[in-house]
Protein chains: 2
Amino acid sequence: MTDENLDQIIKALANPVRREILQWLKQPEQEFTLQPNGFEQCVCVSQIFAKSGLSQSTVSSHLALMQRTGLLSSQRRGQWVYYQRNEAVIREFTEQIQQTL
Amino acid sequence: MTDENLDQIIKALANPVRREILQWLKQPEQEFTLQPNGFEQCVCVSQIFAKSGLSQSTVSSHLALMQRTGLLSSQRRGQWVYYQRNEAVIREFTEQIQQTL
DNA sequence: ATGATATATCGGAATATATCGATATTTATA
DNA sequence: TATAAATATCGATATATTCCGATATATCAT
């Protein structure tokens, strides 16, 4: 992980909304009502939007930012875009920050 | 550690200048020229100021902020204020962030 | 093709952060 | 007590972040 990437990730995590979204994505089945579309373990933007109390555009921006940093990955399926945690990056970050700090 | 304190600490660490200062304070004897005052293992504001390339007031603000969060502790000795890492808080933070994330 | 739904992007407003110079405060010393 | 040195605080400015509504883009269904 480059210094720049580390910096981006810390900045991403400095926002409580983004940290909360990251939490929700830990156990999606507990946090979100299932979608009747056959992708129960995946979480699309509108589900997070519905839970967040923020505008759709704001939520979309937060998710896009976290994806740019590597914290999340996404895949489009039809009209939906599913976001999920990138556990490898998250783990790498926690190890790095523990060493660095 | 309260959620609010965790939030403050992450915000503090989101700044690269503050992270660098925290690094310098890991091994002060390697990073700073010793002061002829008998407190060689301590680091005062002006030493950090001299190394930073920033203004005295900016450095003072960064240090004050990190002290408020608990990342640093300080003690005044005469006209100098010595700052040092608060390893207990730093450790607690890394553990917490590892669990939380 | 048209309309509906999901997501992304744009532009702007409000708030937060970073930085500086000037000055106040604290302590030591002549 | 007056001066010097170290640190803290204040006020201002520049930049970054957060958020929204409006609109663009992509996909699906009719």
Practice prompt. Please collect all salt bridge (Lys or Arg N to Asp or Glu O under 4.0 Å) contacts where either partner lies in residues 6-19 of chain A, sequence neighbours excluded, each pair once.
Written response: D7(A)-K11(A), D7(A)-R19(B), R19(A)-D7(B)
Discussion item. Any heavy-atom pair between the side chains of Q84(B) and L25(B) that's under 4.5 Å?
Written reply: no
Discussion item. Using a 4.0 Å cut-off to any heavy atom of chain A, which nucleotides of DNA chain D are the first and last in contact, reading 5' to 3'?
Written reply: dT17(D) to dC28(D)
Discussion item. Tell me which residues in residues 55-66 of chain A lie within less than 4.0 Å of DNA chain D, going by non-hydrogen atoms.
Written reply: S55(A), S57(A), T58(A), H62(A)
Fill in: Exercise: identify the closest heavy-atom pair between N86(A) and G70(A)
CB-O, 3.1 Å
Discussion item. Checking Q23(B) now: which residues fulfil side-chain contact (heavy atoms from CB on, under 4.5 Å) with it, not counting sequence neighbours?
Written reply: T100(A), K26(B)
Worksheet item: Heavy-atom distance under 4.5 Å between the side chains of Y83(B) and L72(B), does that happen here?
Response: yes
Discussion item. For a quick check, with a 4.0 angstrom heavy-atom cut-off, what is the B/S/- contact string for nucleotides 24-29 of chain C, read 5' to 3'?
Written reply: ---BS-
Worksheet item: What pairs with D3(B) under salt bridge (charged side-chain N to carboxylate O under 4.0 Å, His left out), at least two apart in sequence or on another chain?
Response: none
Worksheet item: Listed by chain and number, what are the side-chain contact (heavy atoms from CB on, under 4.5 Å) partners of R76(A), not counting sequence neighbours?
Response: V81(A)
Discussion item. Side chains of T69(B) and Q8(B): any donor to acceptor distance under 3.5 Å?
Written reply: no
Response to the item:
In short, side-chain hydrogen bond (donor to acceptor under 3.5 Å, both in side chains) pairs touching residues 88-97 of chain A with sequence neighbours left out are none
Would you tabulate the side-chain donor-acceptor contacts of residues 53-60 of chain B under 3.5 Å, counting partners in other chains and residues two or more places apart, or write 'none'?
residue: S55(B); atom: OG; partner: S57(B); partner atom: OG; Å: 3.2
residue: S55(B); atom: OG; partner: T58(B); partner atom: N; Å: 3.1
residue: S55(B); atom: OG; partner: T58(B); partner atom: OG1; Å: 2.8

Worksheet entry | Counterpart residues, salt bridge (charged side-chain N to carboxylate O under 4.0 Å, His left out), relative to R85(B) (two or more places apart) | E87(B)
Practice prompt. Give every residue pair that meets the salt bridge (Lys or Arg N to Asp or Glu O under 4.0 Å) criterion with at least one member in residues 52-74 of chain A, sequence neighbours excluded.
Written response: none
Worksheet entry | Interatomic distance, R19(B) CZ vs dA18(C) P [rounded to whole Å] | 11 Å
Worksheet item: DNA chain D in dot-bracket, Watson-Crick or G-U pairs under 3.5 Å, [ ] crossing, | other strand?
Response: ||||||||||||||||||||||||||||||
